[in-house]
*Asks:* 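I have a structure I would like to understand better, so I am pasting it below and will then ask my questions one at a time.
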Amino acid sequence: MITQAPRGTKDWFGKDMAIRQIIEDTARRIASSFNFGQIITPAFEHTALFERGVGDATDIVQKEMYTFEDKGGRSISLKPEGTSPVIRAYLEHNMYAEPAPKKFFYFTPAFRYEKPASGRLRQHHQFGCELIGSASPLAELEVISVAYEFIKSIGLKDVKLNINSIGQGSCRSVYSAALVDYLKNHEAALCPTCIERMSRNPLRVIDCKEQKCSEVVASAPRILDYLDDECKEHMATLEALLKANGIPYAVNPDIVRGLDYYTKTVFEFVDRDGFTLCGGGRFDGLVHEIDGKQDIPAVGFGMGIERIMYFLDKDGIELPVDTEPDLYLGVIGNTSADAYQLAMAARRGGLRTEIDLMGRSVRAQMKYANKIGAKFTAIIGEDECANRTVRLKNMLTGEDIICGFDILCETITKGAAGDE
């Protein structure tokens with residue numbers, strides 16, 4: 001048991017780790033181009049943060065959080081999502097006193113006790129962006145554009161954007177009342193969870209995946225018919241902005257998202273089979289929910305890195321993973337010190353370099369170099385050290401190249417470029 005990772009977790013190494021690094025590097029490049037700055041928040045927070053922010057009636061808080069009492073008697077939870085901790089950090093460090101908006105991106109572990117499935121683990125990792133301080137639909141366009149550019153850059157195809165508005169304040173209340181009236185007439189057909197949701201968070205019934213609940217919900221009233229003028233205008237402006245910027249979308253009135261803090265805009269990027277890759281929206285009330293004082297608008301999204309990898313694999317998309325060393329240096333005789341100095345020069349020159357650390361025979365060293373896929377190999381013996389030259393072998397073409405120690409990196413770089 002102790003030699004196996006807990007269910008719903010995984011170890012990262014090898015090709016999967018290389019793919020994850022490409023995903024994170026791409027996301028970092030895209031987010032940075034929009035002037036989002038990176039933020040890292042703790043892996044655990046006070047449980048009350050998620051009860052207030054995510055909502056104590058949500059499945060996440062009721063069923064999925066890893067919650068425990070620390071040695072000081074405080075209720076602590078491993079974070080199930082990334083938004084609430086960012087808002088907590090925003091408040092704790094008085095960032096509201098700085099010029100708005102504040103724009104953050106993050107890579108974070110998230111912990112949810114649920115049945116592991118494809119692309120969904122109990123400890124998974126999220127790439128997210130949060131924009132705090134702007135009430136304009138341009139803020140939605142900004143974060144949607146980050147997600148859209150990332151999805152295009154990573155190579156995913158057949159991914160479409162769905163948007164909806166779930167209103168706010170009075171129009172949400174009127175709609176909730178109408179929805180509850182409808183659901184009460186069909187209560188016998190609802191699952192026990194949705195019957196409970198009716199009194200605590202009726203919008204969550206719309207999101208239920210139980211077939212019998214979906215059948216009931218199919219004829220339920222939709223909030224788009226209950227939006228007030230402000231919410232209608234906000235939605236119309238966002239649609240116009242998306243059209244003007246060439247971002248294709250569809251209005252999907254079934255999107256409500258699973259977290260209580262959303263207001264007005266909610267959105268998802270889904271694949272051709274309807275599976276969600278990225279979800280987000282506006283959460284204008286979250287700051288007030290957490291600190292009880294300020295009303296500061298915000299919008300953001302989160303997408304699971306494991307889920308991105310699942311979609312890449314599902315679509316047969318191969319990222320340009322390179323885990324093979326550029327150079328393998330073999331060692332003959334008492335030349336380890338000189339060979340290691342050459343290896344360090346190659347590493348400082350930007351080459352991924354491996355050197356014999358096992359005292360293998362020359363034949364065994366070359367066999368190992370083949371196994372690890374080294375692009376170039378060289379053997380360093382006494383003659384090479386005396387002449388300060390090395391015989392490089394291009395493992396792809398079989399070509400031998402004699403070069404000085406001082407131009408080793410340049411020779412390999414040119415040789416590798418010629419192989420492409």
Side-chain angles (χ1 to χ4, degrees), residues 26-27 29-36 83 100-105 127-169 171-172 175 203 206-207 221-257 259 261-284 297-303 307-308 311 315 317:
T26 303
R29 174 176 58 81
I30 297 292
S32 297
S33 74
F34 284 76
N35 199 35
F36 282 72
T83 299
K102 302 297 292 184
K103 300 162 67 175
F104 298 107
F105 75 90
F127 161 52
C129 286
E130 317 291 358
L131 190 158
I132 309 167
S134 173
S136 169
L138 280 167
E140 278 99 319
L141 178 65
E142 183 89 333
V143 297
I144 287 172
S145 295
V146 173
Y148 182 68
E149 291 298 315
F150 168 77
I151 289 167
K152 287 200 305 180
S153 295
I154 210 69
L156 288 169
K157 306 190 185 303
D158 295 325
V159 177
K160 63 179 182 179
L161 169 65
N162 288 335
I163 66 172
N164 189 27
S165 176
I166 56 173
Q168 64 175 348
C171 66
R172 175 90 68 86
Y175 170 68
L203 265 70
I206 302 290
D207 202 34
R222 290 295 188 267
I223 194 166
L224 289 176
D225 298 323
Y226 292 79
L227 296 180
D228 58 25
D229 290 342
E230 179 188 343
C231 292
K232 286 179 182 177
E233 182 180 354
H234 193 97
M235 180 76 164
T237 303
L238 174 58
E239 290 190 58
L241 288 168
L242 292 170
K243 290 175 183 175
N245 285 274
I247 300 178
Y249 72 94
V251 176
N252 183 347
D254 290 337
I255 299 176
V256 295
R257 304 297 301 152
L259 307 178
Y261 50 58
Y262 286 115
T263 57
K264 291 185 178 176
T265 306
V266 288
F267 64 85
E268 293 178 346
F269 284 89
V270 300
D271 77 348
R272 59 184 174 274
D273 298 318
F275 292 107
T276 303
L277 170 67
C278 168
R282 179 166 285 282
F283 42 94
D284 291 347
V299 61
F301 71 79
M303 63 175 76
R307 177 146 297 203
I308 296 166
F311 282 120
D315 289 349
I317 297 171

*Asks:* When you compare the side chain of F269 with that of M303, does any pair of heavy atoms fall below 4.5 Å?
*Replies:* no
*Asks:* Could I get the full list of salt bridge (charged side-chain N to carboxylate O under 4.0 Å, His left out) partners for D273, not counting sequence neighbours?
*Replies:* K314
*Asks:* Take L224 and V251 through the side-chain contact (heavy atoms from CB on, under 4.5 Å) test and state the conclusion after the steps.
*Replies:* CA-CA 10 Å; L224 289 176; V251 176; 3.7 Å; yes
*Asks:* Side chains of S145 and N245: does their closest heavy-atom pair fall under 4.5 Å?
*Replies:* no
*Asks:* Side chains of L238 and K264, heavy atoms from C-beta outward: is any pair under 4.5 Å?
*Replies:* no
*Asks:* In the structure I gave you, are the side-chain heavy atoms of L241 and L138 within less than 4.5 Å of one another anywhere?
*Replies:* yes
*Asks:* Can you tell me how far apart CZ (F311) and CG (L277) are? Round to the nearest 0.5 Å.
*Replies:* 5.5 Å
*Asks:* Just grab all the side chain to side chain donor-acceptor pair (under 3.5 Å) pairs involving residues 159-169, residues at least two apart or on different chains.
*Replies:* Q168-E230
*Asks:* List the atom of F36, the atom of C129, and the distance in Å for their closest heavy-atom pair.
*Replies:* CE2-CB, 4.0 Å
*Asks:* Kindly write out the residues that satisfy side chain to side chain contact (heavy atoms under 4.5 Å, CB included) with N35, not counting sequence neighbours, or none if the list is empty.
*Replies:* K103
*Asks:* To the nearest 0.5 Å, what is the distance between CD on E268 and CD1 on I163?
*Replies:* 12.0 Å
*Asks:* Can any side-chain N or O of S32 pair as donor or acceptor with the backbone N or O of R29 at less than 3.5 Å?
*Replies:* no
*Asks:* How many angstroms lie between atom CG of L141 and atom OG1 of T265, to the nearest 0.5 angstrom?
*Replies:* 11.0 Å
*Asks:* For I154 and I317, work out which heavy atoms get closest and say how close.
*Replies:* O-CG2, 4.2 Å
*Asks:* Less than 4.0 angstrom from a charged side-chain N to a carboxylate O is my criterion; do D271 and R307 meet it?
*Replies:* no
*Asks:* Calculate, to the nearest 0.5 Å, the distance between atoms OG1 and CE belonging to T237 and M235 respectively.
*Replies:* 11.0 Å
*Asks:* What are the two closest non-hydrogen atoms of A298 and D284, and how far apart are they?
*Replies:* N-OD1, 3.2 Å
*Asks:* Got a second to check how far E140's CD is from L242's CG, nearest 0.5 Å?
*Replies:* 9.0 Å
*Asks:* Where is the tightest heavy-atom contact between C231 and G167, given as atom of each residue plus distance?
*Replies:* SG-CA, 3.8 Å
*Asks:* Within the structure provided, determine whether V146 and F105 are in side-chain contact (heavy-atom separation under 4.5 Å).
*Replies:* no
*Asks:* Would you say CD of E233 has more than 12 non-hydrogen atoms from neighbouring residues, nucleotides or ligands within 6.0 angstrom?
*Replies:* no
*Asks:* Taking all non-hydrogen atoms of both residues into account, name the closest pair between C278 and T276 and its distance.
*Replies:* O-CG2, 3.5 Å
*Asks:* Any sub-3.5 Å donor-acceptor pair from Y148's side-chain atoms to P248's backbone N or O?
*Replies:* no
*Asks:* Nearest 0.5 Å, what's the CD1-OH distance between I255 and Y262?
*Replies:* 11.0 Å
*Asks:* Once you measure the plane-to-plane angle for F127 and F301, does it fall in the parallel (<30°), tilted (30-60°) or perpendicular (>60°) bin?
*Replies:* perpendicular
*Asks:* Where do G281 and V299 come nearest, in terms of heavy atoms and distance?
*Replies:* O-CG2, 3.2 Å
*Asks:* Does CG in D229 sit with more than 12 non-hydrogen atoms of other residues, nucleotides or ligands closer than 6.0 Å?
*Replies:* no
*Asks:* Are any side-chain N or O atoms of R172 and backbone N or O atoms of I166, one a donor and one an acceptor, separated by less than 3.5 Å?
*Replies:* yes
